[in-house]
Engineer: 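Before I ask anything, here is the structure I am working with.
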There are 2 protein chains.
Amino acid sequence: MYTEQGRGTFVGPKSAPQSPRRVPVYQQIANEIIGEIKAGAYAPNRLIPSEKTLEQRFDRAPGTIRQAVAHMRELGWVFTVPQKGTYVSKPEDWPEG
Amino acid sequence: MYTEQGRGTFVGPKSAPQSPRRVPVYQQIANEIIGEIKAGAYAPNRLIPSEKTLEQRFDRAPGTIRQAVAHMRELGWVFTVPQKGTYVSKPEDWPEG
DNA sequence: GGGGATTTGTACGTATGTATC
DNA sequence: TGATACATACGTACAAATCCC
């Protein structure tokens with residue numbers, strides 16, 4: 001049973017047996033970079049590769065790369081300083097820990 | 001004096017006399033809709049116009065409208081249910097109050 | 001159940017602006 | 001000055017979930 005704001009309360013699983021639902025490309029890219037951050041490839045307060053560089057590495061359109069970076073930003077893994085670059089957040093700002 | 005995470009601490013104004021910096025179109029659109037929400041044009045837990053409708057109303061590209069909606073979402077004015085639409089948040093979730 | 005319309009989500013590619021170095 | 005880097009804005013296409021007959 002769950003509630004959807006403004007629509008009422010419903011009974012039953014929200015999406016059947018949790019459909020596998022494909023993972024968007026931008027999330028796959030984000031996950032890969034996050035893995036590298038956790039592995040220590042990019043240190044806290046240090047720049048990750050530029051969006052341009054990531055475009056080439058993943059061979060994806062600018063918008064897709066921007067979405068990936070935005071996703072990591074929302075999760076707290078990185079922060080961006082305009083016209084400078086995107087930095088790895090302090091570990092205490094990382095999710096689940 | 002101010003600090004930029006990862007770069008150090010600096011003295012002086014960050015951008016001279018705080019340049020007026022133009023307001024992006026997506027924020028202008030968001031501000032206009034937020035004004036209408038505050039004015040009661042769209043009630044809490046009710047749908048705001050679809051992105052398609054907003055495109056026509058503001059005569060802007062889809063991406064710009066999506067950014068405007070995303071902006072309102074980040075600020076807490078609305079929430080989106082995929083494939084259903086974007087709803088006005090409960091007033092207690094609105095910013096500054 | 002079927003089919004179509006609606007609506008948001010994802011992804012592409014391009015151009016230009018603006019701040020930083 | 002020039003190169004780099006992110007921000008904004010445009011337009012297009014298709015996917016996927018929902019809703020309404």
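Numbered from 1 within each chain, the chains take letters A, B, ... in sequence-line order.
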Engineer: Identify whether any heavy atom of A/Gly85 sits under 4.0 Å from a base atom; if not, whether one sits that close to sugar-phosphate; answer base, sugar-phosphate or nothing.
Structural biologist: sugar-phosphate
Engineer: Think B/Tyr26 has a side-chain N or O under 4.0 angstrom from the OP1 or OP2 of D/dA9?
Structural biologist: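 No.
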Engineer: Roughly, in whole Å, what's the span from CD in B/Gln56 to P in D/dG11?
Structural biologist: 13 Å
Engineer: Look at the rings of B/Tyr26 and B/His71 and say which category their plane angle falls in: under 30° parallel, 30 to 60° tilted, over 60° perpendicular.
Structural biologist: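 Perpendicular.
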Engineer: D/dC6 phosphate, OP1 or OP2: any side-chain N/O from A/Arg66 under 4.0 angstrom?
Structural biologist: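 For D/dC6, OP1/OP2 do not have a side-chain N/O of A/Arg66 under 4.0 Å.
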Engineer: Could you check whether A/Val25 gets within reach of a base, just the sugar-phosphate, or nothing at all, counting any heavy atom under 4.0 Å?
Structural biologist: sugar-phosphate
Engineer: Taking atom C1' of D/dG11 as reference, at what distance in whole Å does atom CD of B/Glu55 sit?
Structural biologist: 10 Å
Engineer: Hey, is the side chain of B/Gln83 pairing donor to acceptor with the base of C/dT8 inside 3.5 Å?
Structural biologist: yes
Engineer: Could you state the CE-P distance from A/Met72 to D/dC6, rounded to the nearest angstrom?
Structural biologist: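 Between P of D/dC6 and CE of A/Met72: 11 Å.
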Engineer: In whole Å, what is the span from the CD atom of B/Gln67 to the P atom of D/dC6?
Structural biologist: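 Nearest whole value for this atom pair: 16 Å.
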Engineer: Find the distance A/Lys84:NZ to D/dC6:P and express it as a whole number of Å.
Structural biologist: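 For the pair A/Lys84 NZ and D/dC6 P, the rounded distance is 12 Å.
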Engineer: Whole angstrom is fine here: how far is it from CZ in A/Arg22 over to P in D/dA16?
Structural biologist: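 For the pair A/Arg22 CZ and D/dA16 P, the rounded distance is 6 Å.
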Engineer: Base, sugar-phosphate, or nothing: which does B/Arg60 touch, judged by heavy atoms less than 4.0 Å apart?
Structural biologist: sugar-phosphate
Engineer: Out of C/dC12, C/dT8, D/dG11, which nucleotide sits closest to the side chain of A/Thr64?
Structural biologist: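 From the listed options, C/dC12 comes nearest.
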Engineer: Do the side-chain N or O atoms of B/Ser50 get closer than 4.0 angstrom to the phosphate oxygens (OP1, OP2) of C/dT7?
Structural biologist: yes
Engineer: Donor-acceptor pair, distance only, cut-off 3.5 Å: does the side chain of B/Gln27 make one with the backbone of B/Ala68?
Structural biologist: no
Engineer: Donor-acceptor pair, distance only, cut-off 3.5 Å: does the side chain of B/Trp94 make one with the backbone of B/Ser89?
Structural biologist: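 Present.
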Engineer: Please report, rounded to the nearest Å, how far the P atom of C/dA11 is from the CD atom of A/Gln28.
Structural biologist: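 Whole-Å distance recorded here is 8 Å.
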Engineer: What's the separation between atom OG1 in B/Thr64 and atom CD in B/Glu55, rounded to the nearest 0.5 Å?
Structural biologist: 9.0 Å
Engineer: Given atom CD1 of B/Ile48 and atom C1' of C/dT8, what is their separation to the nearest angstrom?
Structural biologist: 12 Å
Engineer: Have a look at A/Glu51 and tell me which of A/Arg57, A/Arg60, A/Arg66 forms a salt bridge (charged side-chain N to carboxylate O under 4.0 Å, His left out) with it.
Structural biologist: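 Of the listed residues A/Arg57, A/Arg60, A/Arg66, the salt bridge (charged side-chain N to carboxylate O under 4.0 Å, His left out) partner of A/Glu51 is A/Arg66.
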